[in-house]
Amino acid sequence: QVQLVESGGGLVQAGGSLTLSCTASGRTLSSYAMGWFRQAPGKEREWVATITRTTGNTNYADSMKGRFTISRDNAKNTLYLQMNSLKPEDTGVYYCATGNPRTIATMRAAYYYDYWGQGTQVTVSS
């Protein structure tokens, strides 16, 4: 059984940084694409970033480019999201997910990820 467990969320002031972690069991992360999504209160789930399997190429939503970095430690089977220059609009529950999206278009779609973590809350105060 595949399980993803996120950690690292919390309360931070605008301009601050946080690093989220997602530890997997039951699946080798490097064999699948891994993504981060987030959901703000009253809004739909939003794609944040994806790292591809094998090559580890990264893709980001436009509003996260230059501020967020997705990475993977294959030895620890753990996915990370380094978030810098945080803004109040970055507030939400952040989810990691694993699946097989093959194109940039499908990376953005939650449908192509088959396992999800429970989420970790990030709150950015102004």
Side-chain angles (χ1 to χ4, degrees):
Q1 183 176 359
V2 178
Q3 288 190 323
L4 304 176
V5 179
E6 300 100 334
S7 61
L11 174 64
V12 63
Q13 288 189 332
S17 299
L18 278 176
T19 299
L20 306 183
S21 300
C22 171
T23 301
S25 59
R27 174 172 285 188
T28 300
L29 296 190
S30 59
S31 298
Y32 294 84
M34 295 293 299
W36 286 98
F37 288 75
R38 69 184 185 188
Q39 188 165 18
K43 295 188 176 181
E44 293 186 353
R45 191 167 297 190
E46 174 188 27
W47 174 69
V48 173
T50 294
I51 185 166
T52 62
R53 67 188 183 101
T54 308
T55 61
N57 290 332
T58 58
N59 292 277
Y60 300 89
D62 288 344
S63 62
M64 288 70 163
K65 286 180 182 177
R67 298 191 301 124
F68 290 10
T69 302
I70 187 172
S71 63
R72 184 179 65 211
D73 186 328
N74 294 337
K76 295 182 178 179
N77 214 34
T78 299
L79 178 74
Y80 301 97
L81 184 68
Q82 172 69 44
M83 305 185 293
N84 299 324
S85 302
L86 283 163
K87 306 174 182 179
E89 51 264 43
D90 293 319
T91 294
V93 178
Y94 283 68
Y95 301 90
C96 66
T98 175
N100 274 310
R102 300 297 181 95
T103 66
I104 293 178
T106 56
M107 287 175 190
R108 301 170 180 265
Y111 173 82
Y112 290 91
Y113 297 82
D114 51 357
Y115 291 97
W116 293 77
Q118 82 290 349
T120 185
Q121 176 70 44
V122 172
T123 303
V124 184
S125 63
S126 57

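For the pair Asn77/Thr23, no side-chain contact is recorded, criterion being any heavy-atom separation below 4.5 Å from C-beta on. In this structure the side chain of Trp36 reaches within 4.5 angstrom of the side chain of Glu6, judged on heavy atoms. Looking at Asn100 and Tyr112, their side chains never come closer than 4.5 Å, going by heavy atoms from C-beta outward. With contacts defined as side-chain heavy-atom distances shorter than 4.5 Å, the pair Leu29/Asn74 does not qualify. Counting heavy atoms from C-beta outward, Leu86 and Leu18 have side chains that approach closer than 4.5 Å. For the pair Ile70 and Tyr60, the minimum side-chain heavy-atom distance is below 4.5 Å. Looking at heavy atoms from C-beta onward, Thr123 lies out of side-chain contact with Val12 at the 4.5 angstrom threshold.
The two residues Leu4 and Ala97 make their nearest non-hydrogen contact at CD1-CA, 3.9 Å. Closest heavy-atom contact between Leu11 and Ser125: CD1-CB, 4.3 Å. Minimum heavy-atom separation, Gly35 to Leu79: O-CD2, 4.0 Å. A pairwise comparison of heavy atoms in Gly99 and Tyr32 identifies O-CB, 3.5 Å as the closest pair.
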Open item on the list: Run the side chain to side chain contact (heavy atoms under 4.5 Å, CB included) test on Met83 and Leu20 for me, step by step, so that the C-alpha distance in whole Å, both residues' side-chain angles and the decisive distance to 0.1 Å come before the verdict.
Closed with: CA-CA 8 Å; Met83 305 185 293; Leu20 306 183; 3.8 Å; yes
Task: salt bridge (Lys or Arg N to Asp or Glu O under 4.0 Å) between Lys87 and Asp90, worked out - done: CA-CA 5 Å; Lys87 306 174 182 179; Asp90 293 319; over 6 Å; no
Open item on the list: Between Tyr80 and Asp73, is the side chain to side chain contact (heavy atoms under 4.5 Å, CB included) condition met? List the steps.
Closed with: CA-CA 8 Å; Tyr80 301 97; Asp73 186 328; 3.7 Å; yes
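For residues 40-61, every residue pair satisfying the salt bridge (charged side-chain N to carboxylate O under 4.0 Å, His left out) rule, not counting sequence neighbours, is listed here: Arg38-Glu46.
Side-chain contact annotation: Thr28 with Ser31, donor-acceptor N/O pair under 3.5 Å absent. In this model, a donor atom of one side chain and an acceptor atom of the other lie less than 3.5 Å apart for Thr98 and Arg27.
Counting only distance, with no hydrogens or angles, the side chain of Ser17 and the backbone of Asn84 share no donor-acceptor pair below 3.5 Å. Side chain of Arg67 to main chain of Gln82: no donor-acceptor pair is present (N/O by atom type, distance under 3.5 Å, no hydrogens or angles). Between the Thr91 side chain and the Glu89 main chain, no donor and acceptor come within less than 3.5 Å of each other. Judged by distance alone, with hydrogens and angles left aside, the side-chain atoms of Thr52 form no donor-acceptor pair with the main-chain N or O of Ala33 at under 3.5 Å. When atom types are taken as modelled, the side chain of Gln13 and the backbone of Ser126 share no donor-acceptor pair closer than 3.5 angstrom. Without hydrogens or angle criteria, Arg108 side chain to Trp47 main chain gives no donor-acceptor distance under 3.5 Å.
Ring pair Phe37/Tyr113: centre-to-centre distance below 6.0 Å.
Cluster membership for Phe68 and Ile51, using ILVMFWY side-chain heavy atoms within less than 4.5 angstrom, is shared.
Atom-to-atom distance recorded for Gln118:CD and Cys96:SG is 7.5 Å, nearest 0.5 angstrom. One distance of note links CE of Met107 with CG of Asn57; it measures 7.5 Å at 0.5 Å rounding.
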